[in-house]
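Presented below is the structure to which this report refers.
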Amino acid sequence: MAYFLVRRLGSLIITLGVATVVIFAVLEIVPGDPALMMLGVNANEENLAALREQMGLHLPPTTRYWNWVSGLIVGDFGTSYTYSVPVAELIGERLWVSLPLAVLALLLSTVIAIPVGAFAAARRGRGGDAGVMGLTQLGIAIPNFWFALLLVYVFAITFRVVPAGGFPGWQAGFWTALTSLVLPAIALALPQAAILSRVTRSALLETLGEDYIRTARAKGLSRSAVLWRHALTNALIPVFTILGLQFAFLLAGTIIIENVFYLPGLGRLIFQAITQRDLIVVESVVVLLVATVIVINFIVDIAYAWVDPRLRAGSR
Amino acid sequence: MTRRVLKSEPLLAIEGLDLAIGETPILHGIDLSIEPGRIMGLVGESGSGKSLTALAAMQLLPAGAKVSGAIRFDGRQLLELDEPAMCDLRGDEIGMVFQEPMTALNPVKSIGEQIAEGIRLHAGVDRATAAERARTTLEQVGLEAMPLTRYPHELSGGQRQRVGIAIACAMQPKLLIADEPTTALDVTIQAQILELLSALVADNDMALLLISHDLGVVADMADDITVLKDGRVMEAGPTVPVLKRRRHPYTRQLAEASTHAPAKPAQPVTSAGAARDGLEPLLSVRELVCEYPGTRTSLFSRPSPFRAIDRVSFDLFTGQTMGLVGESGCGKSTLARTLLGLQRPASGAIEFEGEALEAADPDTYARARRHMQVVFQDPYGSFNPRHKVERLVGEPLHLVPGLAADQKRDRVVTALASVGLSAGDLDKYPHEFSGGQRQRLAIARALVTEPRLIIADEPVSALDVSIRAQILDLLAELRDRLSVAYLFISHDLTVVRVLCDDVLVMKDGRFIERGSAEELFAAPREAYTRELIAAAPDLAAAIERRSAA
């Protein structure tokens with residue numbers, strides 16, 4: 001197990017390193033001068049040069065990359081060009097909106113998808129299965145921002161049970177803050193839940209055809225006991241894989257959803273930073289998102305080993 | 001062993017059982033009854049309905065199956081019981097053991113959990129008590145030292161089948177159904193498992209329904225026998241008289257097929273004889289070593305490799321049939337793969353038709369492979385299902401340069417003709433053939449380049465006895481007509497005995513004994529060879545022993 005962990009950690013660090021290089025290189029190529037953005041189009045050449053020097057933009061790219069990465073390692077993300085505050089502070093604030101949102105959406109989609117997938121698998125080929133699969137098809141097809149607008153119309157405008165947008169901050173009380181995240185989380189979770197329930201269903205159907213399922217039935221277990229106790233644990237591996245991949249899509253989805261619901265999260269931050277050529281913020285947020293996705297997949301790898309003893313044995 | 005001789009009320013009585021899946025009728029009026037404490041052997045070839053008969057008694061039939069008739073078990077009509085009542089019965093009063101020990105256990109649950117699960121369900125005891133009883137059950141199946149926390153992948157095939165038996169017998173059922181329980185196991189392990197089953201039957205006064213395609217196994221084990229063909233009972237009665245008298249033509253056919261010996265060549269080519277005559281070997285292997293990378297145990301040191309073949313040497317002569325026997329994992333298949341150039345040897349020499357192959361470049365190997373072809377075990381898995389026969393059988397012809405399209409076609413037709421198929425089969429797909437015909441196709445594919453050596457890796461192991469007899473005849477005929485040499489790899493000693501001139505016995509990557517088939521089977525020198533021969537089921541010997549008793 002120790003060897004397994006060390007190997008996975010090693011590949012995690014290498015992936016992160018490669019990601020920083022790619023992110024830096026891409027933003028080097030993107031046109032737009034941050035100094036010009038800050039001072040406006042009418043700024044004179046001298047001021048621009050002075051500002052570029054102050055921001056370190058005159059240095060060669062390799063030096064700037066090194067400065068940036070060594071800063072990241074010690075937690076110094078640099079200072080935002082447009083907000084003139086430390087990027088770390090900026091991200092820290094926004095993270096407390098985006099992270100709970102993503103986690104809530106992930107939980108929601110898992111809690112919906114696994115029982116729905118199991119329900120459909122248990123009724124394979126019957127009405128319930130066809131109905132559920134039709135609904136998931138719809139769930140995948142509907143764009144989440146449109147679904148978000150629909151949710152706002154129904155629950156915020158017609159029934160007035162939740163706010164239509166904005167975020168009061170966690171200091172306004174846990175429940176108040178949470179209710180303002182409910183609609184965005186549902187909007188984010190819907191397509192994910194639809195995909196995940198289809199994956200759960202097909203993984204379950206595959207395992208239900210295995211010999212050990214027959215052994216379990218011959219032991220006297222009922223159909224549903226076999227499904228939950230024997231088939232589901234074996235079907236979890238593909239479900240975890242998709243879950244890990246979906247987290248990246250969830251993070252990407254927050255950029256749109258936070259704009260729809262006017263939430264002060266990372267998604268909106270990066271959106272604004274791009275339009276304002278606040279490259280240092282863009283870089284840092286993207287690195288953070290990449291790191292989150294990589295760490296989530298690291299956790300998925302460990303979850304595999306937790307579920308499947310054969311993978312644990314890989315270390316021996 | 002004490003078994004009831006007095007006729008008592010049957011424990012399980014199947015009467016007039018009809019079964020259809022969808023619109024296809026499978027079973028027709030099956031009658032079968034088992035008395036407590038007795039062993040009923042249910043024999044038949046694949047597709048005869050053996051397993052479905054058992055699954056009908058368990059009420060675990062596939063979706064869309066329609067049954068009629070009556071199944072009475074211990075005073076209850078099973079076909080009239082509802083699902084919860086059947087759940088109470090399964091695993092408690094009727095246990096079932098399946099064929100594939102590799103896949104019959106849940107890979108993510110420990111064996112202790114899997115045995116205890118049924119105990120908790122039926123006895124309603126707590127976890128600790130169930131674990132304790134699981135421990136006792138494991139001891140009963142001969143796994144005294146096996147920790148309950150082990151997972152299936154940490155066990156050997158034989159151990160897994162013991163766990164499967166432990167699961168089925170945990171509640172001491174009145175009836176145990178064993179569906180081909182030893183088919184996937186080596187002969188020595190098979191003998192142990194069969195011994196365990198008869199001991200469990202005798203100790204617990206259990207009835208056993210033993211399903212098998214192997215008459216030798218049934219002749220050895222069963223008190224009574226039911227012979228099934230195409231979903232109908234052909235013959236039933238006490239085992240020894242039924243198998244001895246062979247009144248029913250089908251029983252006779254089965255019994256003859258399972259002991260069938262193809263005609264021996266007039267002049268068998270043995271290594272001893274060839275050496276005496278100073279013949280040049282066709283294939284010569286010297287000090288061959290094959291290794292696989294070992295599993296890493298430490299972060300810093302390279303693992304030491306696993307030696308699958310350990311310095312083996314042998315010669316094979318034109319027209320010779322060399323049997324290679326040994327248990328799974330002994331290195332038989334690695335040797336075949338290495339000779340075929342599918343994997344490189346670590347050291348040693350391979351010489352075929354006077355050309356060194358151990359470090360040959362792809363071109364040299366391609367030339368050699370023209371005269372060295374292969375037939376695999378699984379007649380279905382070794383064909384691409386999307387290709388037609390002409391392409392499948394003609395595939396090795398790329399090794400023969402300069403053939404025009406019609407010449408290729410002629411070669412394929414000739415090869416098909418020599419295995420008893422016709423030019424009319426050229427445009428068919430593999431799924432249109434039966435298992436036996438597919439193995440003929442595989443042999444035709446090997447013959448199409450006019451090879452001088454065919455490496456046959458368990459070519460008849462997946463076939464029914466009657467088809468096996470035909471394929472053995474075909475191989476013998478081809479040997480005599482085309483004087484090809486065979487390296488015949490098999491775990492089935494009965495087959496090797498009737499087909500081969502010489503035999504190599506392999507264990508742990510080495511040849512521990514070799515000699516002419518006749519001498520080796522008559523007077524094996526090594527204890528291991530004796531053990532292998534003794535463990536192989538033998539119909540004639542079993543009948544003789546049982547009728548003497």
Side-chain angles (χ1 to χ4, degrees), chain A residues 1-11 121-126 129 203-240 303-316, chain B residues 51 54-55 58-60 62-64 83-110 113-122 149-154 163-164 167-168 170-171 173 176-177 179 295-300 303:
Chain A
M1 192 72 196
Y3 176 62
F4 173 82
L5 278 180
V6 168
R7 217 176 47 191
R8 286 290 188 282
L9 262 175
S11 72
R123 281 163 192 72
R124 179 187 198 172
R126 286 190 268 162
D129 181 22
L204 269 176
L205 285 181
E206 198 167 306
T207 45
L208 280 174
E210 297 282 353
D211 285 353
Y212 54 78
I213 297 298
R214 203 178 47 185
T215 308
R217 290 278 286 147
K219 230 185 264 183
L221 263 64
S222 68
R223 259 176 227 288
S224 65
V226 164
L227 183 84
W228 290 104
R229 285 194 227 159
H230 287 267
L232 196 62
T233 38
N234 277 285
L236 279 181
I237 294 252
V239 171
F240 281 167
Y304 287 163
W306 171 64
V307 170
D308 195 332
R310 284 167 297 184
L311 296 174
R312 259 173 271 163
S315 58
R316 275 193 288 155
Chain B
S51 296
L55 290 174
M58 290 293 275
Q59 290 287 296
L60 283 180
E83 179 58 23
M86 272 316 294
C87 282
D88 288 342
L89 206 66
R90 281 185 215 120
D92 189 12
E93 293 179 58
I94 310 179
M96 186 156 179
V97 181
F98 298 94
Q99 173 172 353
E100 277 299 332
M102 293 302 170
T103 53
L105 300 179
N106 188 336
V108 307
K109 283 183 186 284
S110 72
E113 271 177 90
Q114 297 191 51
I115 300 170
E117 191 174 23
I119 300 173
R120 283 173 58 204
L121 185 73
H122 293 295
T149 49
R150 285 287 175 85
Y151 286 94
H153 71 270
E154 300 171 298
V163 172
I167 290 175
M171 294 302 294
L176 180 66
I177 301 175
D179 187 357
T295 35
R296 197 178 265 269
T297 47
S298 145
L299 208 52
F300 306 104

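A note on names: the letters A, B, ... follow the listed sequences, proteins ahead of strands, and every chain is numbered from 1.
The OG1 atom of A:Thr215 sits 8.0 Å away from the CD atom of B:Gln114 when rounded to the nearest 0.5 Å. Atoms CZ and CG, from A:Arg214 and B:Leu60 in turn, are 9.0 Å apart once rounded to the nearest 0.5 Å.
In this structure, the portion of B:Ile94 lying under 4.5 Å from any heavy atom of chain A is its backbone and not its side chain. Neither the backbone nor the side chain of A:Ile213 comes within contact range of chain B; no heavy atom of the residue lies under 4.5 Å from a heavy atom of that chain.
In this structure, the side chain of B:Thr103 does not engage the main chain of A:Asp211 through any donor-acceptor pair within 3.5 Å.
Between chain B and the residues A:Arg223, A:Arg229, A:Glu210, the largest count of heavy-atom pairs under 4.5 Å involves A:Arg229. Chosen from B:Glu83, B:Arg90, B:Lys109, the residue pairing most often with chain A at heavy-atom distances under 4.5 Å is B:Arg90. Interface remark: of the candidates B:Gly91, B:Gly118, B:Ala104, B:Ala104 forms the most heavy-atom pairs closer than 4.5 Å to chain A.
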One pair to check against side chain to side chain contact (heavy atoms under 4.5 Å, CB included): A:Arg217 and B:Met58. What are the steps and the verdict? CA-CA 9 Å; A:Arg217 290 278 286 147; B:Met58 290 293 275; over 6 Å; no
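Counting all heavy atoms, side chain and backbone alike, A:Val307 lies closest to B:Val108 at O-CB, 3.5 Å. Of all heavy-atom pairs between B:Met96 and A:Ala218, the closest is CB-CB, 4.1 Å. Closest of all the heavy-atom pairs between B:Cys87 and A:Ser222 is SG-CA, 3.7 Å.
Using a 4.5 Å cut-off on side-chain heavy atoms (C-beta onward), B:Leu121 and A:Lys219 make no contact. Within the 4.5 Å cutoff, the side chain of B:His153 has heavy atoms near those of the A:Pro309 side chain.
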